[in-house]
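What you see is a predicted model, and the numbers here were worked out from it, not measured in a lab. Per chain, numbering begins at 1; letters A, B, ... match sequence-line order. Only this structure's heavy atoms are used, side chains among them; waters, hydrogens and symmetry mates stay out.
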Amino acid sequence: MKSVRVVVVGAGVVGFSTAVCISEAFPSCSVTLVADSFSPHTTSDGAAGIMSAEEFPDIPLERQRCWFKDSSDHLLAIAQSQHSPDAGVILSSGCQLFKEVPANLKPFWSEFVIGFRLMTDEELKRFPEYKFGRAFTTAKCECSSYLPWLEKRFKKAGGLVEKRKVNSLQELSHFDLIVNCSGLGSKTLVGDTQVHPVRGQILKVEAPWLKHFIRDADGKTYIFPGIHSVILGGTRQEGDWRLQVDRGDAESILERCSRLEPSLRKAKVLSEWVGLRPGRRNLRLEREVVRLQDRRVPVVHNYGHGGFGVTLAWGTALDAVGLVRQCLNEIPLQAKL
Amino acid sequence: MRVAVIGAGVIGLSTAQSIYERFHSKVSPLTIEVYADCFTPLTTSDGAAGLWQPYLHDKGNVQETKWNKETFDYLLNCLSSPEAIKMGIFLQSGYNLCTDRLPEPSFKHSVLGFRALTEREIEMFPGYNSGWFNTALMVEGKSYLPWLMDWLKKRGVRFYEKKIESFKTLSEAGADVIINCTGVRSGELQPDPDLKPGRGQILKVDAPWLKHWIITHSPKDGVYNTPYIIPGSRLVTVGGVFQVGNWSEQNNSIDHKCIWENACNLEPSLKHAKIVDDWSGLRPVRSKVRLERETIQSGSSAIEVIHNYGHGGFGLTIHRGCAEEAARLFGQIVEEKGKRPKARL
């Protein structure tokens, strides 16, 4: 009996997480990952990688909680293990600051991070422009290490990797099941007009004395210490396709971050980077059947994670495995001969 | 007035600073000289990891608790100054782990965000069943001491690399007040049976993925005789031992092995870390800090001495509070000398 041939499109954090989960869940399937860009050239590589989440408006909250919890448990387990430096996943403590007290004091993800609590008045004194804050410990995932680590794990499970640009699903008609993790690429790959770029620019600086992350709840200003550098961000420019570094943005980021953490004024800038988050009103995680050539091929979509790719990759990958399982159960027997 | 400070560790330098700050405009001329047989980066203060944290139990020593808190508040204030990085001051959070349930430490009110560990956090550390999490300050000796020396030099304080044999030598050379900050070797200037070395040995490793300090506590093993891991601004300090009465400043390979194995058990990812350095130092251990005046009669003259030594494993933690107290004692001497009729014309 020929094994079922699965293809995963996309080599970012969602693509590789999904590919690993599928190849480990279905060892008898042949899984190939195809993408035009690999680490360190994916959107995920520039991501600061600190878990954070916002609610998608139209997806049941319980499902989103599940995604966050599964991702968090997975990353925290790596962070606490001996694999931490190799995988680029570390424990990171810090705070999220609000200029106005939020309506929801405890967000849906508060029980899934470690040691979640409200900041004390004494702690808030350091941030005079802010009235409220949350402190917690979470995982930081550096994709420039994590993606190669996932790739090793994928290959160990028998996965195959192919570097090639896929312009349409028609090019994948020789597979039995397609898993689409092409992020922003879905705009052209599957004609999804809802997908749009949300441009983000960051700076990498040398500031090894910074041990905590600090994040403004508006999502635009953040300081995320990593293994070898500190990431300063950022911007959230909807519909902006520019991949070049913008000097005005760079100055604004440095200024905003230095206001939060004055010692940054002495930090040496190591590099700058721009990425386009795959924005969508709701993350698309569902299956459909598509007509390719003269076959009906099941497709599982897992894209549109916006700025929460690292945060939700593993959880959505596990969810996608469930959808893949449903597809596999429905593949008619004759197709497998 | 001529002040001679003996000792250039964190205690000597910070005491010189406090005296200058408080009296340079009140006493004229005020000459401050620092004498020491070793300077940064070779002092005991330089080897310390640099975490502000008193011992878990203050033994009811209210004064020391007060000085610790004063130091924390002072360092927290320095944090917002543009000099903070040069001073080696930054915030870092971490875990205090206990093998038994222990009462909360007195420093819980000084540090930021002090709280008990959650169940999930306790599970992160097999072998420990309780503990606390808080944000504390780091003050790295290797940056702080050079910064202090710079600060003092800019204000005219002179430094002399010289081993002082007796208080009398300095007094005869013209010092009006002697500040004794000689740490573990104070016994050489004046015998003190209460002062003993508390030998410590540490490893410095390259493990930049670690962002929290972890200190373990076991009442039966004694303070700092169980593993601790304290990331610094460049390297991670791994310890520890606390061997009272051991004067050896040589690195011991058995201690090294023991420290390394225990630390790797505590933090599995350490096995990937490169060990960069070994260091041993002698903590100046005493039942309590000796911070007091002493007027030593020498023939017909009186030698004014202020003792400020015996800070054990919490020198960096307590330094500012003690320096300010020493300056206050100095103020008493200034006042007394002012009231005395002028003996010399």
Using non-hydrogen atoms and a 4.5 Å limit, figure out which bit of B:S93 sits close to chain A: side chain, backbone, both or neither.
both
What part of B:I85 gets closer than 4.5 Å to chain A, counting heavy atoms only: side chain, backbone, both or neither?
side chain
So which atom in B:G232 and which in A:K211 form the shortest heavy-atom distance, rounded to 0.1 Å?
O-NZ, 2.6 Å
Output the option from B:P268, B:S81, B:S80 having the highest count of non-hydrogen pairs under 4.5 Å with chain A.
B:P268
Take a 6.0 Å sphere around CZ of B:R115 and say whether it holds more than 12 heavy atoms from other residues, nucleotides or ligands.
yes
Nearest atoms (heavy-atom pairs only) where A:I114 meets B:E121:
CG2-CG, 3.2 Å
Do B:L76 and A:K125 have side chains that approach each other closer than 4.5 Å (heavy atoms only, starting at C-beta)?
no
Closest non-hydrogen atom pair, B:R120 against A:E111
NH1-O, 4.2 Å
What heavy-atom pair brings B:L79 and A:R126 nearest, and what distance separates the two atoms?
CD2-NE, 4.3 Å
Do other residues, nucleotides or ligands put more than 12 heavy atoms under 6.0 Å from the NZ atom of A:K204?
no
Under 4.0 Å between a Lys/Arg side-chain N and an Asp/Glu carboxylate O for B:E83 and A:R265?
no
Quick check for you: to the nearest 0.5 Å, what is the distance between B:E267 atom CD and A:S81 atom OG?
9.0 Å
May I ask you to test the B:M124-A:L91 pair for a side-chain heavy-atom distance under 4.5 Å?
yes
If I compare all heavy atoms of B:F90 with all of A:W209, which pair ends up nearest, and what's the gap?
CD1-O, 3.2 Å
OG of A:S263 to CG of B:L91: how many Å apart, nearest 0.5 Å?
9.5 Å
Counting heavy atoms not belonging to B:K142, are there more than 12 under 6.0 Å from its NZ?
yes
Based on non-hydrogen pairs under 4.5 Å, which of B:A273, B:P208, B:P231 is most in contact with chain A?
B:P208
Run the side-chain contact (heavy atoms from CB on, under 4.5 Å) check on B:H212 and A:T137 step by step: do they pass?
CA-CA 10 Å; B:H212 300 85; A:T137 302; 4.3 Å; yes
In sequence, state the C-alpha distance, the side-chain angles, and the governing distance for A:S93 and B:K211, and then conclude on side-chain contact (heavy atoms from CB on, under 4.5 Å).
CA-CA 8 Å; A:S93 293; B:K211 308 290 182 187; over 6 Å; no
Rounded to the nearest 0.5 angstrom, the CH2-CD1 distance for B:W209 and A:I227 is 8.0 Å
With chain B, the option among A:H228, A:H83, A:H212 that has the most non-hydrogen atom pairs under 4.5 Å is A:H212
Would you name the heavy atoms of B:S269 and A:P85 that are closest together and state the gap between them?
CB-CD, 3.7 Å
